Structures are given as C-alpha cells and as structure tokens.
Amino acid sequence: MVIYLMAGGPSDLIPHLGMYKDREGCIWVGVDRGVQILLDHGITPAAAFGDFDSVTEEELAVIQEKLDTITIYPSEKDETDLEIAFKWAVAQDPQEIWLFGSTGGRIDHFLGNIQLFLREEILPLHNKISFYMADHKNLLTVKTPGSYSLQVMDDKKYISLIPVIGNADGISLHGFKYPLQNSYLPVGSTRCISNELISEIGNYSFTSGILLVIRSSD
C-alpha cells in the first residue's frame, strides 16, 4: 500500500501527478485545501482531513458532496491538519507515505512538515515505511544509520545529505563526484550539499545520526 497525502501548499510547486496516480495500490488523501487541488487534477481522494479554513463555503459543499469520507476538525487544535492526516496514514501500516503540497509558501509550515518525518515514534519506522516529500524540483526523505543505494535521476541530478539529528559519523560516499570515506559530518555542516553521481548507481553509508537526503534540480 502506498499513501499519497496532498496538502494545500502552492499549486505551482506540485509535481506532475500523472506518474503517481495510476500506481497500483495507491490511496490518495486530501488535507484541507489539498482536497480541492486533487479534485482539480481529476483525483477523488479516498479520505480527507482538515478544518477546511482554506476553502470557500462553496468549495467545501462540493467537497462534501463528492467525497464519501471526510473528517472536519476545529481550527483551534494542537496539531496541524497534515499531522492529523500523517498519523492516520502511519496507522494504516503502508509501505510508503508521500507528501505533496507540503513545500514552498510559508516556511514554518514547510519546516513543521519535515519534522513529521523526525518524530520520536516515527524514526524507528523508517526501516519498514519509506517516507517521501516531493515537489516539482525536489525529492526529500530521511535515513537512519545504514547502507543505501541511489540511482541516477536525470531530472534531479543534485544530491544533498544533511545531518539533522545528531552528527553523522562514519559517512562514506561511493560513485559520487565528491566521495567520502569514513568521514564525520556534524550538524550544521554544508559539506555534503549539491553532490552528484558519476555512475548509474551510487552508494552511501553512515553509522550514527539522522540524515535528510534531498535530490534536486535547478
């Protein structure tokens, strides 16, 4: 099972959804204005969450008419709409969870959305659930210590490894333009920003810390 969560971020940053919507076993979920964005793309979400303060009364009436499952929350609450939907998605025990419409616009929302991947109870799940955040230029995920492979992506040639929880130790990069061998990457370092693959498959590993892995295009 793959769960796609569409938040209400700027529509011009959303990637082309055609490559995602026909994937077998995928479930689309709208979050607040993200429901309207999905409908505008011809996708009727299986579920929706939010206080829907970002849509008009007319849009909400249409949403309620078209969707079988919609949960409306008060605007004053302790969690963002996306966090509520994210927790629901995790509880479904999928193989992958993707966030769209979650970058750009307000920086506080963007940083809060990244924090969802770094929650204390989520970090142990990265070994069984793959978490991704995507827009039209970036693909972001979180990795815990281990060994990983990356294939060339023609549309996203830049690869950045950013330590976000604890310093990354024992980090090695093979098949990269700027290789490393058993190196130390402290929080705050920009050493692993904008690297590139020089082979079809690159490998990286590290023994401690938590990394954001971001693949980007100009």
Side-chain angles (χ1 to χ4, degrees), residues 1-5 13-20 23-26 86 89-90 93-100 102-104 107 110-111 113-218:
M1 182 196 307
V2 177
I3 298 179
Y4 296 131
L5 302 178
L13 299 184
I14 294 170
H16 178 61
L17 299 182
M19 62 183 294
Y20 301 101
R23 189 173 178 185
E24 184 177 354
C26 70
F86 181 78
V90 171
D93 195 28
Q95 283 75 49
E96 299 176 14
I97 296 176
W98 289 70
L99 306 187
F100 302 108
S102 56
T103 66
I107 292 177
F110 174 48
L111 293 177
N113 295 338
I114 292 177
Q115 292 294 315
L116 295 177
F117 291 174
L118 304 175
R119 294 173 63 92
E120 184 178 7
E121 69 273 21
I122 296 299
L123 288 176
L125 300 180
H126 282 278
N127 292 324
K128 58 179 294 191
I129 302 175
S130 296
F131 298 91
Y132 301 101
M133 182 182 298
D135 63 21
H136 73 311
K137 285 191 173 184
N138 306 281
L139 176 62
L140 179 153
T141 189
V142 169
K143 292 299 182 183
T144 54
S147 299
Y148 305 95
S149 297
L150 291 173
Q151 289 187 317
V152 166
M153 296 177 67
D154 292 335
D155 62 330
K156 295 179 177 66
K157 71 175 185 177
Y158 300 111
I159 301 171
S160 297
L161 307 177
I162 303 173
V164 288
I165 298 180
N167 302 317
D169 206 357
I171 185 166
S172 297
L173 307 177
H174 301 283
F176 285 76
K177 182 177 181 180
Y178 306 106
L180 290 175
Q181 183 63 43
N182 196 29
S183 298
Y184 176 70
L185 188 66
V187 171
S189 171
T190 61
R191 185 177 186 183
C192 288
I193 298 291
S194 293
N195 210 332
E196 301 176 40
L197 292 178
I198 57 174
S199 58
E200 285 298 314
I201 298 178
N203 300 286
Y204 67 97
S205 61
F206 60 107
T207 58
S208 66
I210 304 295
L211 292 178
L212 286 183
V213 180
I214 305 173
R215 311 194 68 169
S216 305
S217 62
D218 282 323

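Please read all numbers here as calculations on a predicted model, not as lab measurements. This chain uses plain numbering: 1 for the first residue, then up along the sequence.
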Item checked: Listed partners of Glu121 passing salt bridge (charged side-chain N to carboxylate O under 4.0 Å, His left out), at least two apart -> Arg119

Notebook entry, point to check: Should Ile97 and Ile129 count as side-chain neighbours, where that means a heavy-atom distance under 4.5 Å?
Noted result: yes

Note to self: Tell me the closest heavy-atom pair linking Pro15 and Ala134, and the distance in Å.
What the structure shows: CD-O, 3.9 Å

Notebook entry, point to check: Hey, are the side chains of Ile214 and Leu139 touching, using non-hydrogen atoms and a 4.5 Å cut-off?
Noted result: no

Give every donor-acceptor pair under 3.5 Å between a side-chain atom in residues 146-153 and any protein atom, sequence neighbours left out.
| from | atom 1 | to | atom 2 | distance (Å) |
| --- | --- | --- | --- | --- |
| Tyr148 | OH | Thr144 | O | 2.5 |
| Ser149 | OG | Asn203 | OD1 | 2.7 |

Notebook entry, point to check: With sequence neighbours left out, what residues match Ser102 under side chain to side chain donor-acceptor pair (under 3.5 Å)?
Noted result: none

Notebook entry, point to check: Which pairs with one or both residues in residues 193-204 pass salt bridge (charged side-chain N to carboxylate O under 4.0 Å, His left out), sequence neighbours excluded?
Noted result: none

Note to self: Once side chain to side chain donor-acceptor pair (under 3.5 Å) is applied, do any residues pair with Glu96, and if so which ones, sequence neighbours excluded?
What the structure shows: Arg23, Trp98

Show me the side-chain donor-acceptor pairs of residues 162-181 shorter than 3.5 Å, one per line, residues at least two apart or across chains.
| from | atom 1 | to | atom 2 | distance (Å) |
| --- | --- | --- | --- | --- |
| Asn167 | OD1 | Val187 | N | 2.8 |
| Asn167 | ND2 | Tyr184 | OH | 2.8 |
| Ser172 | OG | Asn182 | N | 2.8 |
| His174 | NE2 | Gln181 | OE1 | 3.4 |

Note to self: According to side chain to side chain donor-acceptor pair (under 3.5 Å), does anything in residues 124-137 pair up with another residue at least two apart or in another chain? List the pairs.
What the structure shows: Asp93-Lys128, Thr103-Asp135, Asp135-Asn138

Check: Does Tyr20 reach the side chain of Cys26, with side-chain heavy atoms less than 4.5 Å apart?
Finding: no

Next item on the list: Could you tell me whether the side chain of Leu197 reaches within less than 4.5 Å of the side chain of Arg215, counting heavy atoms only?
Entry: yes

Check: Should Ile159 and Tyr204 count as side-chain neighbours, where that means a heavy-atom distance under 4.5 Å?
Finding: no

Check: Any idea which heavy atoms bring Arg191 and Leu185 closest together, and the distance?
Finding: CB-CD1, 3.8 Å

Notebook entry, point to check: Looking at residues at least two apart in the chain, or sitting in another chain, which of them share a side chain to side chain donor-acceptor pair (under 3.5 Å) with Asp218?
Noted result: Tyr158

Checklist line | Closest non-hydrogen atom pair between Pro145 and Gly209, with its separation | finding: CD-O, 3.2 Å

Check: Less than 4.5 Å apart, any side-chain heavy atom of Phe131 and any of Ile122?
Finding: yes

Note to self: I need the Ser216 OG to Lys156 NZ distance, nearest 0.5 Å.
What the structure shows: 8.5 Å

Note to self: Does any part of the side chain of Leu140, heavy atoms only, come nearer than 4.5 Å to the side chain of Phe117, both counted from C-beta?
What the structure shows: yes

Notebook entry, point to check: Is it true that atom CD1 of Ile107 has more than 12 heavy atoms of other residues, nucleotides or ligands lying nearer than 6.0 Å?
Noted result: no

Check: Mind checking whether Leu99 and Phe86 have side chains closer than 4.5 Å, heavy atoms only?
Finding: yes

